[in-house]
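Each remark here refers to the structure printed beneath this line.
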Amino acid sequence: MNTLRVYNTLSKTKEPLETVRPGNVGIYLCGPTVYKEAHIGHMVGPVIFDAIKRYLTYCGYDVTWVVNITDIDDKIIEQSRQRNLPMAQIAEEMTQDYLKNLASFGVDQIDHMPRATETMGEIVAFIQDLIDKGFAYESAGDVFFDVTRDSDYGKLSNRSADSQQGEGGGAAAKKRSPGDFALWKSAKAGEPSWESPWGAGRPGWHIECSAMSRNLLGETFDIHGGGLDLVFPHHENEIAQSECRHGKPMAKYWMHNGLMRASTAAGKVGGRGDRDGEEQATTDTKISRSKGAGGLASLVERQGGERLRFFLLRTHYRSTIVFSEEAVAEAGAGLDTFYRFFERYERLTGERFYDLQPIARRSEGEIDAGDDPLLGQVNEHRDSFLSKMDDDFNTGAAMSDLFELVRTLNKHAQTIEDAGSPNADQLVTFTRGVLTLRELSAIFGLFRQPPATSAKAESELAGKLLDLLVELRTFARSKKDFAMADKIRDGLTSLGVTLEDRKDGTQWRIE
RNA sequence: GGCGCCGUACCCAAAUGGCUAAGGGAGCGGAUUGCAAAUCCGCGAUUACCGGUUCGAGUCCGGUCGGCGCCUCCA
């Protein structure tokens, strides 16, 4: 098994992946608080970890991936008031929205999605044990974690416990130290609540993750992930709770993805932008739900889930991604290279790329190339791709090998086409090379099915009309009536239809 | 104020201190084409700036300038 290296926020270095149990990997990713629709930024973690799980599985690990749903929270209660609906209904609605978005982005590798409301027994037991062990205390119906009892506190985010101000407001008066955080919050009148030894209330924000990860992955598991913004206080407090209770490390590797920002045109009210020409002021602002980002469903409708997924995987997961639809469209131009190649593959072999069964295991993908130049090159691209994935899942770098692989295959396709009648040996080698493209792109979760064309609505009738126009143009060309042929083509171009004249006929494509 | 990140070509973006600084998009040449499209080939970088360490620096250290994150809810 190859050595995988993983960047660990705890040590601030890349470390070799050595799992708790050989051959197994447990991953816990902090999921959403379901109080409003998800935005594109919420998809970064799920997409990268989806690719990570695919890669680990491909490398032979048995992976268990948990993503929690936080369905109790002050913000959900607030929404529930504003919309005059029960908290559970809001949570359920937004959970469904989240699941729908995951599906659009091709995230289907999650094994467990526990909810806080379904983990209440374990949460209460967890808190009680912390009290019994002297790490937590009750104060007027609330329970707080006592950060002064945890000598390690702050090790993840590099902060000292006594420098923390903590949340203010009414809770502050009940705390022993300002940095103490709530494990259990007593319910005010009218708030949803659960029974506990400390009275009716609800869990604090961090405790559910400690309880759920312990339940599903054990006291020490392999990888804990989340957005960079969760390092403090959320993950710091999870560590405090879990490690004080268990007396052992919570997770071996802490992986944090970079946050997304939105590129928005800044004001420039008054509309005189001509003086400095193209210089347009833009600011990158944080994407947050409170600032009204959203419309993920319509974004998916416009761009397609695969483009968005590709856009996210283009950049290293720890980097900031600046979001704009222009950038997504640009990424899409790169994706089109693959789609066109798949059509070419189908023309040459009569087989659909999407019907190729991807090679599912790394140990089975190596090609015995012999002295075949094509397969030798394919192997090189594959090795390069895998070595980049081995180095902290560098999808952005590995992407280049996908492009180089498709270029190599395009060249081979060209020689086959130029030869006129394809010979069987060439096709066999070609198909074997294409199978490697299938294998590697499957690690990214790409090209699992043909891109949806619904948005472009190429109805049956439109297709037939296009076929008819192409036929008329072919007739004109055969008569050397290029003026007519070009008129038809230009007209179609202006409608967003591109024509390609090939030896074997003309093909149309809706851009 | 405390902790931390980033600055690579027109745009996006990769690069354990070591060969000509990946790849994509846009653009410009060329092959191909009736002309296009697609594909292939080719073209493009004082790595923000200044200094230091080193045989060797995009990478390490110090400084300057610029952008950003966390410290309160965040993926």
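Chain naming here is simple, since letters A, B, ... match the order of the sequence lines and numbering starts at 1 in each. Given the structure is predicted, the values throughout are model-derived calculations rather than measurements. FYI, side chains are in, hydrogens and waters are out, and symmetry mates aren't considered; it's all heavy atoms of this structure.
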Problem - A/Glu417 with A/Arg502: basic N within carboxylate O range, under 4.0 Å - result: no
Problem - Rounded distance (Å) that lies between atom P of B/C41 and atom NE2 of A/His412 - result: 15 Å
Tell me which donor-acceptor pairs under 3.5 Å the side chains of residues 98-106 of chain A have, and how far apart each pair is, sequence neighbours excluded?
{"from": "A/Asn101", "atom 1": "ND2", "to": "A/Asp97", "atom 2": "O", "distance (Å)": "3.0"}
{"from": "A/Asn101", "atom 1": "ND2", "to": "A/Asp97", "atom 2": "OD2", "distance (Å)": "3.3"}
{"from": "A/Ser104", "atom 1": "OG", "to": "A/Lys100", "atom 2": "O", "distance (Å)": "3.0"}

Handout entry: Rounded distance (Å) that lies between atom C1' of B/G69 and atom CE of A/Met260
Key = 15 Å
Handout entry: Length of the line joining A/Tyr153:OH and B/C71:P, which is rounded to integer Å
Key = 12 Å
Exercise for the section: Considering only atom C1', compute the distance from B/G2 to B/A9 and round it to an integer number of Å. Expected result: 38 Å
Handout entry: Interatomic distance at P, B/C50 relative to B/G24, whole Å
Key = 31 Å
Practice task
Return the value, rounded to whole Å, for the distance between atom CE of A/Met389 and atom P of B/A15.
Solution key: 13 Å
Practice task
Tell me, please, which residues at least two apart from A/Asp111 pass salt bridge (Lys or Arg N to Asp or Glu O under 4.0 Å).
Solution key: A/Lys53
Practice task
Check whether any side-chain nitrogen or oxygen of A/Thr498 sits under 4.0 Å from OP1 or OP2 of B/A38, and answer yes or no.
Solution key: no
Practice task
Return the value, rounded to whole Å, for the distance between atom CG of A/Leu402 and atom P of B/A13.
Solution key: 19 Å
Fill in the blank from the handout: Across every strand shown, the nucleotide meeting Watson-Crick or G-U wobble geometry with B/G66 (both distances under 3.5 Å) is B/C6
Problem - C1' spacing across the pair B/G67 / B/C28, given as an integer number of angstrom - result: 32 Å
Problem - Residues forming a salt bridge (Lys or Arg N to Asp or Glu O under 4.0 Å) with A/Glu18, sequence neighbours excluded - result: none
Practice task
Assess A/Arg438 against A/Phe353: is NZ or CZ under 6.0 Å from the centre of the six-membered ring, and within 45 degrees of the ring's axis?
Solution key: yes
Handout entry: Between P of B/A37 and CZ of A/Phe341, the distance in whole Å
Key = 22 Å
Problem - Distance, rounded to the nearest Å, where A/Arg261 contributes CZ and B/C5 contributes C1' - result: 10 Å
Practice task
Could you check whether A/Arg473 gets within reach of a base, just the sugar-phosphate, or nothing at all, counting any heavy atom under 4.0 Å?
Solution key: base
Completion exercise
The complete set of salt bridge (charged side-chain N to carboxylate O under 4.0 Å, His left out) pairs with one or both residues in residues 469-488 of chain A, sequence neighbours excluded, reads A/Arg473-A/Asp501, A/Arg477-A/Asp501, A/Asp486-A/Arg489
Exercise for the section: Taking salt bridge (Lys or Arg N to Asp or Glu O under 4.0 Å) as the test, write out the residues that go with A/Glu78, two or more places apart. Expected result: A/Arg81
Problem - A/Glu238 versus A/His234, side-chain donor and acceptor atoms under 3.5 Å - result: yes
Exercise for the section: Find the distance A/Glu500:CD to B/U32:C1' and express it as a whole number of Å. Expected result: 13 Å
Problem - N or O in side chain of A/Ser319 less than 4.0 angstrom from B/A14 OP1/OP2 - result: yes
Problem - Where protein sits on nucleotides 16-30 of chain B, one letter per nucleotide: B base, S sugar-phosphate only, - none, heavy atoms under 4.0 Å - result: S-----BSBS-----
Handout entry: Nearest-Å distance once atom P is located in both B/G52 and B/G7
Key = 23 Å
Problem - Base of B/C73 paired with side chain of A/Asp73 (donor-acceptor, under 3.5 Å) - result: no
Exercise for the section: Output the residues of residues 476-487 of chain A in contact with RNA chain B, where contact means a heavy atom of the residue under 4.0 Å from an atom of the strand; sort by number or write none. Expected result: A/Arg477, A/Phe482, A/Asp486
Practice task
Check ring pair (Phe, Tyr, Trp, His ring centres under 6.0 Å) between A/Phe475 and all other residues, then give those that pass, not counting sequence neighbours.
Solution key: none
Handout entry: salt bridge (Lys or Arg N to Asp or Glu O under 4.0 Å) partners for A/Arg309, two or more places apart
Key = A/Asp50
Problem - Pairwise P distance for B/C65 and B/C49, with rounding to whole Å - result: 16 Å
Problem - Rounded C1' spacing from B/G4 to B/U46 in Å - result: 30 Å
Handout entry: Nearest-Å distance once atom C1' is located in both B/G58 and B/G18
Key = 13 Å
Exercise for the section: In whole angstrom, give me the gap between the C1' atoms of B/C12 and B/A22. Expected result: 14 Å
